[in-house]
Amino acid sequence: MEYERAFREANEQADTIGRISASHLYFTQVFLLLDQVLPSGIVIERVATKEYAVALSGQAARRDDLLSLDERLKSEECIENVNVPISNLFSQEDIDFQVDFTVKESCLRNSR
């Protein structure tokens with residue numbers, strides 16, 4: 001009887017932990033993803049999130065670096081709705097920019 005009660009309690013605790021883990025969002029995935037897609041001429045100064053939306057701001061050494069970032073973000077399967085305002089592209093060099101995008105929920109639930 002004592003062992004059955006102990007196993008039942010352990011199983012209940014494991015189920016609770018499993019439910020918490022399944023609903024956990026791993027926002028570190030955003031940083032891992034950015035590490036893979038950022039061109040060398042891009043410096044990120046600020047990252048803000050709200051639910052699944054991500055806003056980046058920073059500086060691009062050249063317009064081509066910012067265009068490369070846009071292209072790389074749009075090619076990522078975990079990213080949707082990439083928005084690089086056209087006003088970011090007026091200058092050729094030393095561009096202050098903001099980029100917005102959405103991360104798919106499924107990509108934040110898995111710790112790859």
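In this structure, the separation between CD on Glu45 and CD on Gln98 is 11.5 Å, given to the nearest 0.5 Å. Here Leu73 contributes atom CG and Cys78 contributes atom SG; the two are 12.0 Å apart, rounded to the nearest 0.5 Å. Atom OG1 of Thr49 is separated from atom CG of Leu108 by 9.0 Å, given to the nearest 0.5 angstrom. Interatomic distance, Ile44 CD1 to Phe31 CZ, rounded to the nearest 0.5 Å: 10.0 Å. Taken from CD1 in Ile95 to CG in Leu67, the straight-line distance is 8.0 Å, to the nearest 0.5 Å.
Smallest separation of non-hydrogen atoms from Leu69 and Pro39: N-CG, 3.8 Å. Nearest heavy-atom pair across Arg72 and Val37 is CD-O, 2.9 Å.
Inter-residue side-chain proximity for Val103 and Gln29 is flagged as unmet; no heavy-atom pair is nearer than 4.5 Å. Using a 4.5 Å heavy-atom cutoff, the side chains of Leu33 and Val30 are not in contact. Two residues are said to be in side-chain contact when any heavy atoms from C-beta on lie closer than 4.5 Å; Leu56 and Phe101 meet this criterion.
Under the 4.5 Å side-chain heavy-atom criterion for ILVMFWY residues, no single connected hydrophobic cluster contains both Leu32 and Ile79. Linking ILVMFWY residues whenever their side-chain heavy atoms come closer than 4.5 Å, directly or via other members, leaves Leu66 and Val43 in distinct clusters.
Between Glu2 and Arg5, at least one side-chain N (NZ, or NE/NH1/NH2) sits under 4.0 Å from a carboxylate O, which counts as a salt bridge.
The salt bridge (charged side-chain N to carboxylate O under 4.0 Å, His left out) pairs that include a residue from residues 53-67 are Arg62-Asp64, Arg62-Asp65, where partners are two or more places apart or lie in different chains.
Annotation: Glu80, atom CD; neighbour count of heavy atoms from other residues, nucleotides and ligands within 6.0 Å is above 12.
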Derivation and outcome, side chain to side chain contact (heavy atoms under 4.5 Å, CB included), residues Asp70 and Val82:
CA-CA 7 Å; Asp70 179 50; Val82 177; 3.4 Å; yes
